[in-house]
2 protein chains.
Amino acid sequence: MKFGGTSMAGTERIRRVANIVRAQAARGDEVAVVVSAMAGETDRLVNFCREANPLYDPAEYDVVVASGEQVTSGLLALTLQAMGCKARSWLGWQVPIRSDDAHAKARIEEIDAPALVASMQAGEIAVIPGFQGISPAGRVTTLGRGGSDTSAVAVAAALKADRCDIYTDVDGVYTTDPRIVAKARKLKNVTYEEMLELASVGSKVLQTRSVSLAMKEKVRVQVLSSFIEEGAPPADSLPGTMIVSDEEVEGTDMERQLITGIAADKNEAKITLTRVPDRPGAVANIFGPLADASINVDMIIQNIAKDKGETDVTFTVPKSDLLRTQTMLEERKEQIGFYRLISDDKVAKISVVGVGMRSHAGVASTMFKALADRGINVDAISTSEIKISVLIDEDETELAVRVLHTAYGLDAVETAA
Amino acid sequence: MKFGGTSMAGTERIRRVANIVRAQAARGDEVAVVVSAMAGETDRLVNFCREANPLYDPAEYDVVVASGEQVTSGLLALTLQAMGCKARSWLGWQVPIRSDDAHAKARIEEIDAPALVASMQAGEIAVIPGFQGISPAGRVTTLGRGGSDTSAVAVAAALKADRCDIYTDVDGVYTTDPRIVAKARKLKNVTYEEMLELASVGSKVLQTRSVSLAMKEKVRVQVLSSFIEEGAPPADSLPGTMIVSDEEVEGTDMERQLITGIAADKNEAKITLTRVPDRPGAVANIFGPLADASINVDMIIQNIAKDKGETDVTFTVPKSDLLRTQTMLEERKEQIGFYRLISDDKVAKISVVGVGMRSHAGVASTMFKALADRGINVDAISTSEIKISVLIDEDETELAVRVLHTAYGLDAVETAA
């Protein structure tokens, strides 16, 4: 079971978490709990580090910021004990959760679970701070922001857990953002790959790394809400969304929709370079320097070459990198040989995601037709095996999501009770 | 070097501490620094524990409260690095600082220093969180409130340090409280035993345990102020008070005063039981139950037996235990057989302390004469080898301290520059 910072923010909320954990343990399950720091605490600690040393040593940064989860793991153990449960905390170095030595963005390499397993078999609930590990040199490491989801999946894998329940402030994965489409439906299950695509296009329910790890280690992950009512049924009535393998979905869910979900991402900006010479190497001149600067270019379209061997090149970068990208390209204007740089940060990327796409034709044409019928102009298109994304005007985001949600038959149907 | 919570409270103050540390290291000294949590932080964490579980498991309490020093040790290392010093933090389990398993009040058993020494010899300043250790079972322990002084002395002993400099919010040990006596003088040195007696009578510059440990391990401890001016001379010009052995004092300080200091303690209350039967076992009936209840009885006077085999018994207990003591004694009134219980919490204990007392007669008579000359009534007396304490009316505390300070020749003499 994993609980995030909002769930751990203060004594009262920790008590709610402890109640959920106790209910699970009361069913006879062996339970390990991974916790985040109290909401806001990591930011406070990061700020101290920045004030102390703007170019901070990540090894010492880790010593400071890992303390937030240390506090909540001790407090949850204490709260469980107050309810009569046997419980103890296991810090990263105590488990141990072995990571590499890439401080502040470490990767878990191995979890030696025998002591932990023995304690759990003796009836103790294990409380483990997320986000932290120990390096080969025996120093404290952290996994990077949001790393607690990854800790939870890694611990579940090491324990060969039946399930990894990730409690969040949403109650599952939806067909789309319910704040945009009132008829959005909660999914009973979603595949790892779909979850990865949804995460990469702005549906940040889980950290991407944790989903990749779950896929690799075949950990069954359930996303569910920590804000359930006291006395609600325990988690194995599966009120959330299960993230599982393709096979499991295909085996159990014959009625599954072709498209699983629709996501909108407003964090991209569009850049067009006009009249770029249409010759070998021109494109490398544009994207090579951006790659060197770790600017993540997403969609790329090269328009049909016009007269005189010139072409327009359009692509997207994260909005936060737009200024830096513009500066770099203007500095290389002569070398690249473009005529004008046009940028637009009022764009949105709309994606339809679903493993069903692999075996069905016509998914893309449904999308283009639905958008065209409502007069929504598509600026760029990119596809993967289980995803189609289009770039549109930002003002049309909500309209596009609603139109596609209906077009793919995802709208919830009100049923008479 | 050890810095307390006031010195570590926030980025700016940590920068001041780092400046002091850097100046010391710049002299070519190998330096280890022991730090407390930011002022107020330990209270905040203790509060969380109490809220989570009023009868908290001390092992989990330790996990939570030890995080305060973890944060400041990382931040001091970062701040030193920002100034161009090589520095790293060493958590209790990393050194390791091995303690027993008496969680929340653990005692340090052994410090394995080779890795620490190697790092310091390689030019790294070691920053060590005070107050924490690791139990034989590999769990986090803390040493009890104020334990960082003890950590500092223990680390100094393990490193065979030339000196343990404890930076506080006073600039040394004085002949008496300078707020009471303007002519109080800062002592150049004081012996371990004197320091212990001064600590036990209310002069709380250092935690008593740390002084005992320093005496046992022969660590030279210097008390000095962390609020020195930027650019002030580094610590080995010895601006504070050195705490050293008897031999060292006798060898180096021929001009030493007979009496080292005068302390006042207003935390005691006086109880008199009248007309207690003067027979064997009567006193045991009084003090046995108090000892069982961990009530610390200090001064005891049994007045000269009166007619009919009865006697008055007077003693002191901490003010905080007065009510509890009264209740216990009234419950046993028949058994003990006293007539009346008279309590007085408006008393003060005045103590004169000095190793010179051992070899000089007349110290006590000077005290009694000086007090009598000013009409100050003495209610009770207790003595140790290097201390004489008297109990007086609380209203006369300041007067008594001033009178004795003068009587023993401790007043500072203004000298022309």
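On a predicted model such as this, the values are computed, not experimentally measured, just so you know. Lettering of chains follows the sequences in order, A, B, ..., and the numbering in each one begins at 1.
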task: Give a yes or no answer on whether the side chain of A:Gln70 reaches the backbone of B:Val63 with a donor-acceptor pair at less than 3.5 Å.
output: yes
query: Of all residues at least two apart in sequence or in a different chain, which pass the side-chain contact (heavy atoms from CB on, under 4.5 Å) check with A:Glu109?
result: A:Asp100
message: So for B:Gln94, is it side chain, backbone, both, or neither that comes closer than 4.5 Å to the heavy atoms of chain A?
response: side chain
- prompt: Out of B:Thr11, B:Leu80, B:Leu76, which one racks up the most heavy-atom pairs below 4.5 Å with chain A?
  reply: B:Thr11
task: Name the member of B:Glu12, B:Arg139, B:Gln81 that forms the most heavy-atom pairs with chain A at distances under 4.5 Å.
output: B:Arg139
- request: Decide if atom CG of B:Asp112 counts as having more than 12 heavy atoms of other residues, nucleotides or ligands within a radius under 6.0 Å.
  value: yes
statement: For residues 124-136 of chain A against chain B, heavy atoms under 4.5 Å, the residues are A:Ile134
statement: Closest heavy-atom pair, A:Gly74 versus B:Glu60, reported as atoms and distance to 0.1 Å, is CA-OE1, 3.7 Å
Neighbourhood of chain B inside residues 43-57 of chain A, taking heavy atoms under 4.5 Å as contact: A:Arg44, A:Leu45, A:Phe48, A:Cys49, A:Glu51, A:Ala52, A:Asn53, A:Tyr56, A:Asp57
query: Which residues, numbered in order, of residues 82-92 of chain B come under 4.5 angstrom of chain A by heavy-atom distance?
result: B:Ala82, B:Ala87, B:Arg88, B:Ser89, B:Leu91
